[in-house]
Amino acid sequence: MTEKFCKPAEATDFADIKENLRIIRENAAEAMDKAGRTDTLKIMAVTKTVPVEKINYAESLGLNLLGENRVQEFLDKREHYSENSEVHFIGSLQTNKVKYIIDKVTLIHSCDSIKLANEISRRAVACGTVMDILFEVNIGGELSKGGIAPDTLYDIAKQTAELPGVNIRGLMCIPPPGSGEIYFAKMQELYCEAKAKSRELSGIDTLSMGMSGDYEQAIKYGSNIVRIGSGLFGLRNYNLINQ
Ligand SMILES: *Cc1c(COP(=O)(O)O)cnc(C)c1O
């Protein structure tokens with residue numbers, strides 16, 4: 001962790017964000033090289049709690065993929081975002097909120113049940129669109145967390161593949177903090193299996209994993225979207241640094 005990374009979000013200024021991004025891009029490029037990868041990696045700016053001016057500044061540095069966690073916060077901020085930015089929804093999503101985001105995001109990373117897939121389908125069809133989704137996998141088997149258990153993933157994918165208005169693009173995970181590489185390796189396996197198993201799911205091309213603390217490891221295991229919040233904008237939680 002760099003020193004800048006440890007600053008609380010309130011204390012970061014534009015220069016910090018610029019420097020953080022420089023470091024992240026450099027580290028990511030190095031991790032891609034080390035893994036022998038020449039495919040495209042997307043770096044997402046995770047915007048929760050971040051003021052619009054800082055998001056706009058990140059956009060001005062070429063970060064045009066934004067990740068949203070909270071429906072209301074997103075609805076409040078979105079009109080200020082750059083027209084060039086693409087927005088993905090990455091937070092846990094209640095079925096009754098799907099209608100608010102269905103025509104405002106291009107990928108939902110956090111589909112974690114057939115019930116949610118059904119609602120996304122229903123709302124997408126009503127809007128005349130097709131929504132791209134990832135399945136969030138509870139790869140660490142943590143009881144406290146959402147996400148689909150790996151052994152039920154295939155069933156849920158099969159059922160979802162039959163729904164109109166939904167297009168399965170891949171997998172996402174939030175592994176237990178500090179768990180090392182083991183879960184990224186498992187995710188890579190699941191992702192490759194999913195691609196191989198299902199010809200009808202041939203659009204599968206997205207593996208979303210890796211956050212501020214572990215994106216380099218995730219890249220090693222094939223992640224092609226890393227979701228970075230605090231490493232870019234500063235730590236969100238004062239309790240973590242007030243000592
Ligand atoms: C907050 C969040 C992130 C970013 O976390 P950092 O550790 O701050 O980079 C990534 N993914 C999801 C789903 C999040 O909620």
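One-based numbering, in listed order, for ligands and for the atoms of each. Throughout, numbering of the chain's residues begins at 1 and tracks the sequence.
Close approach of ligand 1 to Arg227 is summarised as follows: ligand atoms under 4.0 Å from at least one heavy atom of the residue are 4 (C), 9 (O), 10 (C), 11 (N), 12 (C), 13 (C). Atom numbering of ligand 1 starts at 1 in the shown order; those under 4.0 Å from a heavy atom of Ile174 are 13 (C). Remark: ligand 1 atoms within the under-4.0 Å shell around heavy atoms of Ile228 are 9 (O). Near Lys48, the atoms of ligand 1 lying under 4.0 angstrom from a non-hydrogen atom of the residue are 1 (C), 2 (C), 3 (C), 14 (C), 15 (O). Which parts of ligand 1 touch Asn69 is read off a 4.0 Å heavy-atom cut-off, strictly below it: atoms 14 (C), 15 (O).
At a 3.5 angstrom cut-off on N or O pairs, Gly213 does not count as close to ligand 1.
With a 6.0 Å cutoff to the six-membered ring centre and a 45° limit on the axis angle, Lys104 does not count as a cation-pi contact of Phe74.
For Met44, the heavy-atom gap to ligand 1 stays at 4.0 angstrom or more.
A 4.5 Å side-chain heavy-atom check between Glu59 and Tyr81 finds at least one atom pair inside the cut-off.
With sequence neighbours excluded, the residues satisfying ring pair (Phe, Tyr, Trp, His ring centres under 6.0 Å) with Tyr57 are Phe14.
Around CD1 of Ile182, the count of heavy atoms belonging to other residues, nucleotides or ligands within 6.0 Å does not exceed 12.
The existence of a salt bridge linking Glu26 and Arg22 is confirmed by a sub-4.0 Å separation between a basic side-chain nitrogen and an acidic carboxylate oxygen.
With a heavy-atom cut-off of 4.0 Å, His109 does not touch ligand 1 at all.
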Cut-off 3.5 Å, no hydrogens considered: what does the side-chain donor-acceptor table look like for residues 36-50, sequence neighbours left out?
residue, atom, partner, partner atom, Å
Arg37, NE, Asp39, OD1, 3.0
Arg37, NH1, Ile219, O, 2.8
Arg37, NH1, Ser223, O, 2.9
Arg37, NH2, Asp39, OD2, 2.9
Arg37, NH2, Ser223, O, 3.0
Thr47, OG1, Gly67, O, 3.2
Thr47, OG1, Glu68, OE1, 3.3
Thr47, OG1, Glu68, OE2, 2.8

